Every structure is written in structure tokens, then in C-alpha cells.
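Step one of this worksheet: look at the structure below.
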Protein chains: 2
Amino acid sequence: MKDVAARAGVGLKTVSRVVNGEPGVTQETERRVRDAIDALGFRRNDSARILRKGRTATVGLVLEDLADPFYAPLSGAVEDVARAHGSLLVHGSSGEDPGREEELVLALCARRVDGLVVVPASTDHRYLEPELAAGIAAVFVDRPPGRISADTVLSDNYGGARRAVEHLVGHGHRRIGFIGDHPRIHTAAERLRGYRAAMAGAGLPVAGAWTSLGSTEPARVAAECLRMTTGPDPVSALFTGNNRVTVTAVRTLTAGGRPVALVGFDDFELADLLSPGITVVAQDPAELGRRAAARLFQRLEGAAGDPERLELPTRLVARGSGERPPAG
Amino acid sequence: MKDVAARAGVGLKTVSRVVNGEPGVTQETERRVRDAIDALGFRRNDSARILRKGRTATVGLVLEDLADPFYAPLSGAVEDVARAHGSLLVHGSSGEDPGREEELVLALCARRVDGLVVVPASTDHRYLEPELAAGIAAVFVDRPPGRISADTVLSDNYGGARRAVEHLVGHGHRRIGFIGDHPRIHTAAERLRGYRAAMAGAGLPVAGAWTSLGSTEPARVAAECLRMTTGPDPVSALFTGNNRVTVTAVRTLTAGGRPVALVGFDDFELADLLSPGITVVAQDPAELGRRAAARLFQRLEGAAGDPERLELPTRLVARGSGERPPAG
DNA sequence: GTGAAAGCGCTAACAA
DNA sequence: TTGTTAGCGCTTTCAC
């Protein structure tokens with residue numbers, strides 16, 4: 001910029017004015033400055049600008065895995081909102097590792113992102129307190145923060161799960177299994193709670209062997225699926241706790257040829273084209289992202305008040321797999 | 001940092017040394033500094049660091065749409081490589097709009113990302129020349145750059161398409177349609193070229209009504225699908241130009257109950273569980289991203305030499321839909 | 001082992 | 001309309 005000013009024979013501030021489209025520059029001066037800019041291939045260095053202004057026009061997004069079909073639309077929605085507010089999106093995947101989440105979040109804070117949207121892997125976010133105190137806004141999405149209070153956007157995991165299991169009960173099932181994610185993950189715990197509530201509400205017992213929470217690795221899920229649906233005392237229906245689990249379950253049940261009823265949490269592409277179609281409790285991941293980002297920008301624009309907790313409804317979509325009657 | 005120095009009763013540089021783990025500080029001094037850091041909740045401001053050092057430890061990724069199941073793994077792979085090199089990822093979606101691509105790329109350059117991975121929407125990248133001259137590295141992936149030369153990582157679109165159509169011909173089809181993306185998109189043009197080459201190689205004519213390139217909007221694709229497979233002179237097989245098109249085609253053909261043979265470009269989740277399974281030409285999007293990012297970091301680490309063009313092979317996966325014989 | 005001074009490239013505040 | 005000065009928070013250089 002100094003070079004541009006020298007070449008155009010003007011002061012530094014005049015160049016700054018031209019570059020930022022500020023008023024108060026003659027057409028003739030502006031032309032001279034623009035010529036110099038073109039000749040020198042000058043581009044403003046935003047790092048310096050950011051340092052000076054204190055705002056980065058950047059928001060950070062930390063989630064588990066970008067490639068998961070559930071998170072991709074969420075991420076896209078956050079980006080859309082960010083762009084609408086003139087901000088860029090810096091992105092990091094925690095891989096469901098609390099340590100990496102903290103590392104990523106702090107790295108983003110060190111770069112002074114204006115705000116953060118976080119799908120937490122950790123259950124203790126006290127490490128964020130100094131950052132929040134320093135004025136960085138944070139909104140949690142899909143799962144609530146741990147040991148701090150902050151704006152949160154969730155789906156109704158408990159209600160959705162309860163509805164799913166009630167649906168199976170309504171179709172005559174009394175022996176229903178649940179395969180879900182690690183119990184330390186809020187959504188998994190809530191869905192388990194919904195499952196138990198529905199079973200209890202119908203007066204049905206839950207055998208210990210009918211619930212399995214843990215990794216969503218296909219190998220583990222397939223093994224649990226086989227274990228629950230075969231053996232001496234098999235379940236007649238399965239409720240699967242997220243899209244990864246559902247896909248593996250469909251694959252395993254199809255391979256085994258067993259007519260087990262199935263309802264999955266999360267919708268997924270092509271669920272309607274399988275035979276039978278897969279009955280699911282659908283969330284709206286894009287809407288989760290949109291709401292979270294919208295809340296973030298409200299905060300950035302100065303909205304005061306206590307943290308809000310928003311819970312979006314889910315929707316049961318019956319497609320066939322959840323309406324199968326119990327075998328025998 | 002100034003405050004920390006004051007509170008610890010040391011010089012600015014000593015704090016800097018502690019924060020960056022540089023040697024030359026007594027244990028006792030370090031302890032005093034750390035106490036002050038904790039008491040004040042200090043975090044280094046990376047904006048200032050970046051301004052001073054000139055390196056951002058950030059790479060930019062611009063692609064069409066993060067939520068597309070093809071790009072999500074690509075993006076994830078770029079992020080993995082970036083993290084392995086200690087860099088963060090800033091992300092932007094062009095939405096297939098050349099103007100937005102340029103805007104995004106230049107915004108990333110203004111923030112002085114160290115390098116860029118770009119899935120181009122534009123066909124003219126001369127706007128990047130000043131940036132490249134200024135030392136920003138760029139690698140193009142999935143599609144080549146336009147009117148400049150730069151490192152590029154592609155799939156073998158021509159060969160894969162040719163193989164797909166030869167496969168259909170090998171199963172007795174002589175009337176084969178192609179529905180693809182906008183012809184200005186390199187991959188679509190190459191896949192059309194492969195289709196034509198395979199047809200010509202088999203001595204088969206291509207009626208004008210058998211090819212349709214344009215938007216991948218479900219409505220358009222469904223309409224074209226119907227048009228080609230019904231009417232007085234229908235095709236007996238369809239080659240679809242990417243995963244979006246394939247999914248819509250499957251949906252349309254299933255609804256119509258027509259036994260049209262189908263091979264799609266791009267693999268997608270659950271393609272194997274449909275009935276019949278969908279035969280595809282599979283690319284490896286994660287590998288595309290990995291290779292592109294690896295190349296970028298080679299450049300950042302000083303690799304000299306002319307731009308390289310890498311072309312990854314594709315793989316035909318037969319699952320049933322592409323092995324259906326012609327009707328009648 | 002430690003610190004003072006200069007400066008990265010920009011913008012805010014104030015002159016001229 | 002235009003320019004000058006100071007300083008954002010850090011690292012580099014060099015002196016102590």
C-alpha cells in the first residue's frame with residue numbers, strides 16, 4: 001500500500017480510501033491510485049486490517065465429521081448464513097475427540113474468529129470461559145455444552161425416539177432392540193431415554209441384551225445387530241440411533257434376510273427407494289445449522305439476554321420397514 | 001501480552017518466549033509468566049502473529065457445494081492433510097457460480113491463506129495471476145483451471161465414461177442415452193466425449209435426442225429421463241453423468257417401472273442395496289482431495305517445477321442395473 | 001537469560 | 001480533498 005501511494009504520488013490514507021470505497025477522493029486521484037494498484041498487482045492484506053479493526057468477519061465451525069451426510073447440510077447452512085452476513089467460514093473436524101475439539105476451538109479463538117458454532121464432542125466446556133469473557137460468541141448445535149451455559153439449538157431427540165418406539169409398539173412389537181452411539185454423546189443418551197420411556201409407557205420390559213450403545217463402526221454395529229436378531233430370544237424390531245447405525249443395520253438385515261422391523265433416527269438419501277423403504281424419525285440438519293448461525297449473528301450484532309435453548313421438532317416418516325408386523 | 005509482561009514484571013519478549021515455548025527462560029521466570037497468563041486469561045492473538053510472520057498456517061478450499069456427497073469426503077481429506085501440516089481450513093462454496101468463485105478466492109487471498117485448493121466453477125482464472133505471482137500456491141481439483149496453468153488433480157472422466165458406455169454396449173444395448181451436467185463444466189464435457197467415443201467405437205449412431213446436458217435440478221433430470229425412455233423411439237439404457245443425476249434417474253425409473261439399464265458416474269452410499277444394485281463408475285473423492293492437498297503442501301514447502309497434472313483412474317462396479325439386457 | 005526498539009500493513013483520528 | 005501520526009499485538013534484531 002505504501003508502494004501504491006508512492007507510485008501514485010499520494011498519501012497512504014488516500015490509497016486506503018480508494019481501496020475501501022470511502023468517499024472524499026477526486027475521480028482523477030482515484031484513477032491514478034487504481035492505475036498504480038493494477039500496475040503493482042496490489043491486494044489489501046486483510047491480516048493487517050483485521051488486527052487494526054478487531055473484527056475478522058470470520059466464524060468458526062467445529063463438528064464431528066464433515067463427510068457425515070448428517071453434518072454436510074448443517075455445515076452448508078451455516079456457511080450460507082455466514083455469507084449473507086459477509087463472513088467467511090473456518091472449519092474443523094473434531095473426529096468425536098474431546099481433546100481435538102478443544103484444540104480446534106482454541107486455535108480458532110486465537111485467530112479471533114468473531115464467533116463459533118460448535119457440535120461438541122467434549123462434555124466440559126469450561127475451557128471456553130476466558131474466550132467468552134473476551135467477547136467471542138458461541139452457539140452449540142445438535143448437542144448442548146457441558147458445564148457452561150450458552151445458546152443451544154437441538155432436535156427433540158427424546159421425543160423423536162419415544163415416537164419411533166411407540167410406532168413399533170403400535171405395530172405389535174414387544175421385543176424391541178436399540179443400537180446407538182456412545183452414551184457420553186448427548187443425542188445417544190436422549191434417544192436411549194426416549195426408547196426406555198416408550199417401552200415403560202407400554203408396560204414392556206427391556207432386557208439388558210436389547211440395548212447397545214457404543215462406537216458406530218460398522219463392524220460393531222453389524223455384530224450387535226446379528227446378536228440381537230438371532231440367538232435364542234431375538235428381538236422382532238430394531239430402533240437404530242443415527243444414520244450411520246441405520247445404514248449398517250439395513251445392510252446387515254438385508255444380508256441375513258431377516259424380516260426384522262426397523263425405525264431409524266435421521267433421514268438419509270434413498271431411504272425411500274430401498275425395499276422396504278426405511279421408516280425414520282427425520283431431523284432437519286440444515287435447519288439446525290441455519291438456526292444456530294442465525295442466533296450467532298444475533299449475538300454478534302449485540303443481542304443481549306440469557307442463553308437460549310431451542311429444540312426443533314422431529315417428524316416420523318413411515319416407509320415400510322417400521323410397519324412390518326412381528327415375525328411368527 | 002503487554003499486560004502479562006507488566007503483571008509478571010518481565011519484558012514483552014520474555015512473555016513471547018514462554019508463549020511460544022522458545023528456550024532461554026529460567027524456570028522461575030516462566031512460572032511467573034504462566035501465572036500471569038492464567039490470571040489474566042491471556043490468549044495470543046494470532047492475527048498479529050500472522051501479520052508479523054507472513055504465514056497464516058491456513059489453506060483455503062473452494063468448491064461447489066459442501067453438502068454434495070461427492071464433495072464432502074474430498075473436503076474431509078483436504079482437512080486431514082491440512083491438519084497434519086498444522087494448518088486450518090477456510091472453506092467457501094461457489095454454488096457453481098463463476099462470480100462467486102472469484103469473489104471467494106480473492107477474499108481468501110486477501111486474508112493471505114498460504115495456499116488454495118479449488119474445484120473451479122469459472123473457466124477463466126487469469127484473475128489469479130497476481131496472487132500466484134505474490135506467492136500464493138493453488139491446486140485445482142476435479143476440474144482443470146482455465147487460461148492459466150497450475151497443478152491439477154483429476155479423475156479419468158473420459159476413460160471412465162467410455163468404459164461405462166462400452167459396458168452397456170457389451171450387454172447388448174444399441175440405443176443409449178446420456179444425461180449430464182452443464183457442458184461448460186469440464187467433467188460433464190469429458191464424460192460426454194467418453195460417451196461419444198464409446199458409441200462411435202461400437203459403430204453406433206447417436207441421435208440428438210439421446211444426449212442432454214444441463215442443470216442437475218431433479219425436475220429437469222426427471223423430465224429428460226422420461227422423455228428418453230418413453231415415446232416412440234426410446235433408449236434401452238441410460239448413462240448418467242454424476243451422482244445427483246443418477247439418484248434422480250433411479251427415482252424416476254423406479255416410479256415408472258421401466259426396466260431401463262443404467263450406469264452412473266460416481267459411486268454413492270446404498271447403491272449396492274437398491275434392487276437392482278446400481279452399476280457405477282466409481283471415483284475416489286477422498287483420494288482426489290488428499291492428492292490435491294498433498295501437492296499444495298509440497299509447493300508450500302518449496303517444491304519447484306512446472307505444474308503437474310495428475311489423473312486418477314476410475315473403477316467400474318457392476319451391481320445389476322448396468323447388466324440388464326435391452327427390453328423386448 | 002532478558003529487554004528495548006523497530007516494524008509487519010493497515011485504519012482511526014485528527015490536521016492541513 | 002488530502003496527508004500525517006499513532007498504534008492494533010505480535011516477532012525480530014540486537015544490545016545488555
Side-chain angles (χ1 to χ4, degrees), chain A residues 1-37 40-58 86 106-114 130-131 134-136, chain B residues 1-34 36-37 40-58 106-114 130-131 134-136:
Chain A
M1 190 142 148
K2 208 172 43 182
D3 299 341
V4 174
R7 182 175 179 119
V10 300
L12 214 52
K13 181 65 204 179
T14 303
V15 179
S16 174
R17 285 198 180 97
V18 172
V19 168
N20 295 302
E22 288 167 24
V25 183
T26 345
Q27 286 224 327
E28 163 57 15
T29 316
E30 171 163 355
R31 203 191 44 69
R32 285 224 315 281
V33 172
R34 291 215 181 279
D35 285 351
I37 286 175
L40 269 49
F42 165 85
R43 309 278 188 191
R44 181 178 67 197
N45 182 333
D46 274 1
S47 300
R49 167 172 240 251
I50 285 165
L51 177 59
R52 193 59 241 243
K53 301 204 89 151
R55 275 232 160 182
T56 52
T58 305
L106 291 179
L108 294 171
C109 288
R111 282 162 196 239
R112 298 296 190 270
V113 293
D114 297 330
E131 314 298 339
I136 290 182
Chain B
M1 189 141 149
K2 207 171 46 183
D3 299 341
V4 174
R7 184 174 177 120
V10 300
L12 213 53
K13 179 63 204 179
T14 303
V15 179
S16 174
R17 284 197 181 98
V18 171
V19 169
N20 296 302
E22 288 167 25
V25 183
T26 345
Q27 286 225 327
E28 162 58 16
T29 316
E30 170 163 354
R31 203 189 45 66
R32 286 222 317 282
V33 172
R34 291 214 181 279
I37 286 175
L40 268 47
F42 165 84
R43 310 276 188 191
R44 180 178 67 197
N45 181 333
D46 275 0
S47 300
R49 168 171 240 253
I50 285 166
L51 176 59
R52 197 55 240 247
K53 302 203 87 152
R55 275 234 161 180
T56 52
T58 305
L106 291 179
L108 293 171
C109 289
R111 278 159 198 244
R112 299 293 192 269
V113 293
D114 297 331
E131 314 298 340
I136 290 182

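Keep in mind that what you see is a predicted model, and the values were worked out from it rather than measured. No hydrogens, no waters, no symmetry mates; every other heavy atom, side chains included, goes into these values.
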Q. Considering only heavy atoms, which members of residues 22-32 of chain B lie under 4.0 Å from some atom of DNA chain C?
A.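 Output list: Gly24(B), Val25(B), Thr26(B), Thr29(B).
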Gap between atom [atom2] of [Y] and atom [atom1] of [X] - 0.5 Å precision:
X	Y	atom1	atom2	result
Ile136(A)	Asp114(A)	CD1	CG	8.5 Å
Arg7(A)	Ile37(A)	CZ	CD1	11.5 Å
Glu22(A)	Ser16(A)	CD	OG	5.5 Å
Glu30(A)	Asp35(A)	CD	CG	10.5 Å
Leu12(A)	Arg17(A)	CG	CZ	10.5 Å

**Q.** Glu131(B) side chain reached by Leu106(B) side chain, heavy atoms, under 4.5 Å
**A.** yes
Q: Report yes if the side chains of Arg43(A) and Pro130(B) come closer than 4.5 Å at any heavy-atom pair, otherwise no.
A: yes
Give one of base, sugar-phosphate or nothing for [X], where a contact means two heavy atoms less than 4.0 Å apart.
X	value
Arg44(A)	sugar-phosphate
Lys13(A)	base
Asn20(A)	sugar-phosphate

(Q) More than 12 heavy atoms of other residues, nucleotides or ligands under 6.0 Å from CD of Glu28(A): yes or no? (A)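 For Glu28(A), atom CD is crowded (more than 12 foreign heavy atoms under 6.0 Å).
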(Q) On the nucleotide dC8(D), are OP1 or OP2 found under 4.0 Å from the side-chain N or O atoms that Asn45(B) carries? (A) no
Q) For dG3(D), does OP1 or OP2 lie under 4.0 Å from any side-chain N or O of Thr14(A)? A)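 Checking dG3(D) against Thr14(A), a side-chain N or O does come within under 4.0 Å of OP1 or OP2.
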May I have the distance from [X] (atom [atom1]) to [N] (atom [atom2]), rounded to whole angstrom?
X	N	atom1	atom2	value
Leu12(A)	dC8(D)	CG	P	18 Å
Met1(A)	dT2(D)	CE	P	15 Å
Arg112(A)	dC8(D)	CZ	C1'	12 Å
Arg111(A)	dC10(D)	CZ	C1'	14 Å
Arg49(B)	dT11(D)	CZ	P	5 Å

(Q) Given Val10(B), which partner from the list Val18(B), Val15(B), Val25(B) fulfils the side chain to side chain contact (heavy atoms under 4.5 Å, CB included) test? (A) Val15(B)
Q: Decide side-chain contact (heavy atoms from CB on, under 4.5 Å) for Arg49(A) and Asn20(A); before the verdict, give the C-alpha distance in whole Å, the side-chain angles of both, and the deciding distance to 0.1 Å.
A: CA-CA 11 Å; Arg49(A) 167 172 240 251; Asn20(A) 295 302; 3.1 Å; yes
Q.
If you compare all heavy atoms of Gly9(A) against all heavy atoms of Arg32(A), which two are closest, and at what distance to 0.1 Å?
A. O-NH2, 3.8 Å
Q: Taking only the side-chain heavy atoms of Arg52(A) (C-beta and beyond), determine which of dT11(D), dG7(D), dG3(D) contains the nearest atom.
A: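 Nearest listed nucleotide: dG7(D).
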Q) Closest to the Arg17(B) side chain: dG3(D), dT11(D), dC14(D)? A)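 Ranking dG3(D), dT11(D), dC14(D) by closest atom to the Arg17(B) side chain puts dC14(D) first.
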Q: Show your working on side-chain contact (heavy atoms from CB on, under 4.5 Å) between Arg111(A) and Ile50(A) and close with a plain yes or no.
A: CA-CA 10 Å; Arg111(A) 282 162 196 239; Ile50(A) 285 165; over 6 Å; no
**Q.** Heavy-atom contact window of chain B on DNA chain C, given 5' to 3' at under 4.0 Å
**A.**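 Contact boundaries, 5' end first: dG1(C) to dG9(C).
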Q) Could you give the angle between the helix axes at the two ends of the helix from dG1(C)-dC16(D) to dA16(C)-dT1(D), with five pairs per end, rounded to 10 degrees? A)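 Its terminal axes enclose an angle near 40°.
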